Amino acid sequence: MRRRLLILFILLGLSDSVLAEEVYVAVAANFAGPMEKIAADFEKDTGHKALVSIGATGKFFAQIQSGAPFEILLSADEATAVKLEQGGNGVPGSRFTYAIGKLVLWSNKPGFVDDKGEVLKKGEFSHLALANPKTAPYGASALEALDHLGLLEKLSPKFVQGENIAQTQQFITTGNAELGFVALSQVQKDGQLSGGSAWLVPAKLYTPIRQDAVLLTKGKGKTAAAALMDYLKGDKAKAVIKSFGYDL
Amino acid sequence: MEPLNTVDLSAVKLTIKLATLTTILLLFIGTPIAWWLARTKSRLKGLIGALVALPLVLPPTVLGFYMLVVMGPQGPIGQLTQALGVGLLPFTFPGLLVGSVFYSMPFVVQPVQNAFEAIGERPLEAAATLRAGPWDTFFSIVVPLARPGFLTGAILGFAHTVGEFGIVLMIGGNIPGKTRVVSVQIYDHVEAMEYAQAHWLAGGMVLFAFLVMLSLYTFNGSSNRRMS
């Protein structure tokens with residue numbers, strides 16, 4: 001009996017270590033929704049498990065530079081992934097664009113944001129939320145768009161900054177900020193706005209938000225990490241990514 | 001490079017202002033609570049004491065999250081402040097002040113309460129036999145005797161507010177000059193890879209914290225000696 005148990009445990013251990021691996025992924029906050037879905041599909045289809053950490057791209061960069069155990073970074077921009085690749089913490093040649101993000105002006109109140117963004121010009125609100133432009137690419141894009149609209153100076157006293165794009169959404173969801181700039185993926189599901197009112201910021205107002213994935217040196221040669229990189233390029237993942245409003 | 005830029009300096013000033021006002025408010029609010037906790041025989045003592053001590057064990061994110069909800073437009077406090085015409089508290093300096101008062105309450109109430117309890121019945125009874133009224137007794141007997149408790153409470157309340165981070169991050173909105181305190185500014189510098197600037201502020205905080213604890217321990221040591 002004891003020996004049989006022992007064999008069972010060895011087999012269980014083997015199945016864990018040989019067949020299914022874990023991969024540590026750092027994911028930009030705007031991609032939290034699609035990643036949840038993709039990670040579930042990935043586990044079902046390959047048996048590998050993706051352990052997902054959500055946060056601001058800038059913070060992940062600092063953590064990876066300091067030896068964080070992440071094996072893949074899904075960045076909210078191109079620049080961070082390039083920096084990692086060139087700085088030796090990313091695997092050269094592994095980088096690819098997994099999604100092109102869209103910026104949206106969003107309020108949790110139906111009818112508050114019109115479909116031309118006139119609400120910004122009227123300025124009848126006390127707080128406009130955006131992600132910290134220093135660390136979150138979507139925050140930088142929001143500044144760029146406001147600058148193009150000629151509203152940056154007028155509206156900057158009303159800015160409240162979230163630490164990342166998810167916290168920015170939380171400020172708006174709780175109604176503490178009447179409106180703010182978030183990623184379309186946060187407020188859209190299956191091609192529908194999940195609530196409130198929104199203005200899709202025209203693409204000409206800001207540089208396209210190319211979001212790059214990069215395999216990190218800690219994930220080099222790991223089966224699960226390579227599998228997830230491939231999986232993100234696959235049709236099934238692409239369909240999920242598009243359903244959240246990203247371009248590809 | 002300049003050690004501290006104007007944004008850093010405004011964060012330092014804001015932090016000192018927040019900590020000073022929090023400490024003053026807490027001495028006014030905390031003293032009656034500490035007195036009641038020290039003297040009462042009520043069954044509610046445990047309940048109130050536990051409520052005051054709650055921030056010691058709760059993660060600041062819990063407090064921050066509930067403040068965001070409760071002080072928001074749909075929350076009871078948010079509706080009250082809107083009805084009073086002062087608007088919403090999140091993303092404002094008064095909002096941070098309210099948050100800090102809750103968060104640092106036990107650090108002021110507990111030392112003061114301990115000092116009150118240490119006085120005991122005898123000095124109060126003696127004062128009563130000399131026909132001192134309750135206010136006279138409080139200010140002539142209790143306050144001087146409890147001075148070390150007040151000082152410890154004030155220093156800890158101030159220092160703890162300076163060290164506040166999670167609540168400010170959650171209800172502050174990172175507005176320069178209004179809600180961007182030093183701890184948040186350090187976090188921003190680190191996230192933006194501005195390590196040199198982060199070092200100036202972070203090193204300053206280490207020095208400040210050390211001086212606070214040093215003064216506290218030196219002071220308490222000497223006052224204990226004097227008492228014995």
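What you see is a predicted model; the values in this text were computed from it and never measured. Lettering of chains follows the sequences in order, A, B, ..., and the numbering in each one begins at 1.
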Peer 1: Can you give me the closest heavy-atom contact between A:G175 and B:P73, atom names plus distance?
Peer 2: O-CG, 3.1 Å

Peer 1: Which atoms of B:V190 come close to chain A, meaning under 4.5 Å heavy atom to heavy atom: side chain ones, backbone ones, both, or neither?
Peer 2: backbone

Peer 1: Which atoms of B:M71 come close to chain A, meaning under 4.5 Å heavy atom to heavy atom: side chain ones, backbone ones, both, or neither?
Peer 2: backbone

Peer 1: Output the residues of residues 22-34 of chain B for which the shortest heavy-atom distance to chain A is under 4.5 Å, in residue-number order; output 'none' if no such residue exists.
Peer 2: none

Peer 1: Which pair of non-hydrogen atoms, one from A:F171 and one from B:L169, has the smallest distance, and what is that distance?
Peer 2: CZ-O, 4.2 Å

Peer 1: Please look at A:A56 and chain B and tell me whether the side chain, the backbone, both or neither of the residue comes under 4.5 angstrom of a heavy atom of that chain.
Peer 2: side chain

Peer 1: Just checking A:F125: does its CZ atom have more than 12 heavy atoms from other residues, nucleotides or ligands closer to it than 6.0 angstrom?
Peer 2: yes

Peer 1: Scan chain B against chain A and return every donor-acceptor pair whose distance is under 3.5 Å.
Peer 2:
residue: B:L68; atom: O; partner: A:N176; partner atom: ND2; Å: 3.0
residue: B:L169; atom: O; partner: A:Q167; partner atom: NE2; Å: 2.8
residue: B:G173; atom: O; partner: A:Q161; partner atom: N; Å: 2.6
residue: B:N174; atom: ND2; partner: A:Q161; partner atom: OE1; Å: 3.4
residue: B:Y187; atom: OH; partner: A:K59; partner atom: NZ; Å: 3.3
residue: B:Y187; atom: OH; partner: A:E163; partner atom: OE2; Å: 3.1
residue: B:D188; atom: OD1; partner: A:N132; partner atom: ND2; Å: 3.2
residue: B:D188; atom: OD2; partner: A:N132; partner atom: ND2; Å: 3.3
residue: B:E191; atom: OE1; partner: A:T135; partner atom: OG1; Å: 3.3
residue: B:E194; atom: OE1; partner: A:K134; partner atom: NZ; Å: 3.3

